[in-house]
Number of protein chains: 2
Amino acid sequence: MASDVATEPQAHGASSSNLIRVLEDDILSGALRPGDRLDEQALARRFSVSRTPVREALRHLASSGLVEIRRNQGAMVRSLTTGELVEMFQVLAEMQGLAARLCARRMSRSKVKELRQLNEACERYADRDEHVQFFAANTEFHDAIERGAQNSFLMEENAKLAKRLRAYRWHMTFQPRRMSNSVEEHFRIVEAIERGDEEAAHKLMRAHVDLLAGSATDVLIALEAKING
Amino acid sequence: MASDVATEPQAHGASSSNLIRVLEDDILSGALRPGDRLDEQALARRFSVSRTPVREALRHLASSGLVEIRRNQGAMVRSLTTGELVEMFQVLAEMQGLAARLCARRMSRSKVKELRQLNEACERYADRDEHVQFFAANTEFHDAIERGAQNSFLMEENAKLAKRLRAYRWHMTFQPRRMSNSVEEHFRIVEAIERGDEEAAHKLMRAHVDLLAGSATDVLIALEAKING
DNA sequence: GCCCGGAAAAGTGTGTGCACTTTTTCCTCG
DNA sequence: CGAGGAAAAAGTGCACACACTTTTCCGGGC
């Protein structure tokens, strides 16, 4: 999305936790594409460490779902089928729905005001067709809702899922009318939260996030082709 | 819950994936209690392997949330605060709610019938106050709903969470009237699914699973906010 | 030309050693 | 007797070596 430093040799002293971050960035930014093999020895050379920390990093990425490890066959960047994507969006939609519900129950007036302002930022960028800024503002809006839910566990799970789906959400930003629709949907969600209407907040947020609601499966399929190869 | 083979020395040849299972069992069965330290070398001796596979197993358990690893300080069985528990039950409730919703949308008549039979099994055990069998039957009922949702990702996430919360659900089985209440709630859920009422199925299931469906959670959070400023 | 078997190459799984960090112990000083 | 601090002990992080598995490649038989 931003910097393209990926795949370059790394400086020395990269330790396990750094490794994880760099590899994760490479995968999420698309420098490493789904299906790419992750050779332990090659990575060890690239990062100037031994295979041990590389293995640990790969295991970690595997359990967060970004790579797939098969016994004696090494690791590869996990690729998602359209079906899996739809499933994941369905779950994400529900969790964000829960977050919105909790906001409706717990959010202070001043926080709601901040939320509204975040959406107004989205609106400005949508009006000017500035996708990059809109994407950032949109992310901030959703983050604010997750924080407002005051459920750390929910926030972490949401973050994990959102991370894995980030690339797809990014591409969706470019769908015609998607940005202005989003702003409108955000607006209704804020309203529901403001009047403490849990059911409405939940329902609106779910519909907002759930791809299927907009029958966008075709988009997904197109994206899949683009991203996977 | 069942066999008490834990903490005994293990036969040779236990490889990484076995290790994970055994350690997991030890933690989930309570043989290893929250806060217990997991010494790599001790475990290596106990399983007659070197530290390397032990480390991998511990890393894996860490990322599934069962143990906590701090750099240079080893691993310990993770203990959950009341707050975390409430948060996790809230998320589990929502996900099971989604599963119920999808069942209402997708489940065939014959599958609904099976579901009803599973709940009738629950009812029999509840009537006779047989907690162990009830717990098993209850688990089967919920598993059937997860399968019925036909969303593999949701099923996996549910399974992970349910695993971590299993011990607590077990204890809840012994709450007075809990079993008969469960049966009644199950019954209403099955009815909602049968008539395809997504909203009702979702709502009923969420209430069924959420520990503190009442407002206790919010009181807690309000208090915390007050105390912490 | 194609298929098949076997050896070589490549790559992962695990054992072991050493450096570095954290914890404990124990001695000294107030 | 308690507090502070250095040295020893214990334990983790990483490098490296070797065994075993999987893959690749090549030559012979059909």
Side-chain angles (χ1 to χ4, degrees), chain A residues 7 9-27 31-79 229, chain B residues 7-27 31-79:
Chain A
T7 319
Q10 302 293 329
H12 295 253
S15 69
S16 189
S17 53
N18 285 345
L19 239 71
I20 293 173
R21 206 159 348 143
V22 176
L23 284 177
E24 196 176 83
D25 284 352
D26 281 2
I27 294 173
L32 292 170
R33 314 186 73 194
D36 282 3
R37 272 197 94 219
L38 296 168
D39 186 296
E40 292 180 3
Q41 309 189 83
L43 290 171
R45 277 194 299 275
R46 175 174 154 208
F47 290 107
S48 303
V49 293
S50 81
R51 277 174 51 221
T52 310
V54 172
R55 283 176 67 82
E56 291 195 349
L58 290 178
R59 301 308 226 242
H60 186 92
L61 293 173
S63 60
S64 79
L66 263 66
V67 315
E68 191 178 351
I69 294 181
R70 286 208 288 268
R71 184 174 173 96
N72 286 321
Q73 293 185 200
M76 60 193 305
V77 179
R78 189 148 192 271
S79 59
Chain B
T7 320
E8 313 250 326
Q10 302 293 332
H12 295 255
S15 69
S16 188
S17 53
N18 286 343
L19 241 70
I20 292 173
R21 209 168 345 171
V22 176
L23 284 176
E24 197 175 82
D25 283 352
D26 282 3
I27 294 173
L32 292 170
R33 315 187 67 192
D36 282 3
R37 264 192 103 226
L38 296 168
D39 186 295
E40 292 179 1
Q41 310 190 78
L43 290 172
R45 277 194 299 276
R46 175 175 155 209
F47 290 107
S48 303
V49 294
S50 81
R51 279 174 50 222
T52 311
V54 172
R55 283 174 66 82
E56 292 201 345
L58 290 178
R59 299 307 226 240
H60 185 91
L61 292 174
S63 60
S64 81
L66 263 66
V67 314
E68 191 179 350
I69 294 181
R70 287 209 286 267
R71 185 176 173 95
N72 287 320
Q73 292 184 203
M76 60 194 304
V77 179
R78 187 143 192 270
S79 58

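Proteins come first, then strands; the chains are lettered A, B, ... in the order of their sequence lines, and each starts at number 1.
Not one side-chain nitrogen or oxygen of A:Arg55 sits closer than 4.0 Å to the OP1 or OP2 atom of D:dG13. Contact between the side-chain N/O atoms of B:Arg59 and the OP1/OP2 oxygens of D:dT12 is not found at any separation under 4.0 Å.
When A:Leu66, A:Asn18, A:Leu43, A:Val54 are each tested for a side-chain contact (heavy atoms from CB on, under 4.5 Å) with A:Leu23, only one passes: A:Leu43. For the salt bridge (charged side-chain N to carboxylate O under 4.0 Å, His left out) with A:Asp26, the lone residue among A:Arg21, A:Arg33, A:Arg46 that qualifies is A:Arg46.
Between B:Arg37 and B:Thr52, it is B:Arg37 whose nearest contact on DNA chain D lies nearer the 5' terminus. Where A:Glu56 and B:Asp39 each meet DNA chain D at their nearest nucleotide, the meeting point lying more 5' is that of B:Asp39.
Using a 4.0 Å heavy-atom distance criterion, B:Arg45 is classed as making no nucleic acid contact.
Rounded to the nearest 0.5 Å, atoms CZ (A:Arg59) and CD1 (A:Ile69) are 4.5 Å apart. Atom CZ of A:Arg37 and atom CD of A:Gln73 lie 8.0 Å apart (nearest 0.5 Å). With rounding to the nearest 0.5 Å, the separation of CG in A:Leu58 from CD in B:Glu56 is 10.0 Å.
Between the CD1 atom of B:Ile69 and the P atom of D:dC14 there is a distance of 12 Å, rounded to whole Å. Protein atom CG of A:Leu43 is 13 Å distant from nucleotide atom C1' of C:dG11, rounded to whole Å. A straight line from CG of B:Leu58 to P of D:dG11 spans 14 Å, rounded to a whole angstrom. The CD atom of B:Glu40 sits 14 Å away from the C1' atom of C:dT16 (whole-angstrom rounding).
Looking at every heavy atom in both residues, B:Arg78 comes nearest to B:Gly65 through CD-O, 3.6 Å.
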Are there any protein N/O atoms within less than 3.5 Å of an N/O atom in nucleotides 17-23 of chain D, and if so, which ones and at what distance?
| from | atom 1 | to | atom 2 | distance (Å) |
| --- | --- | --- | --- | --- |
| D:dT21 | O3' | A:Asn72 | ND2 | 3.3 |

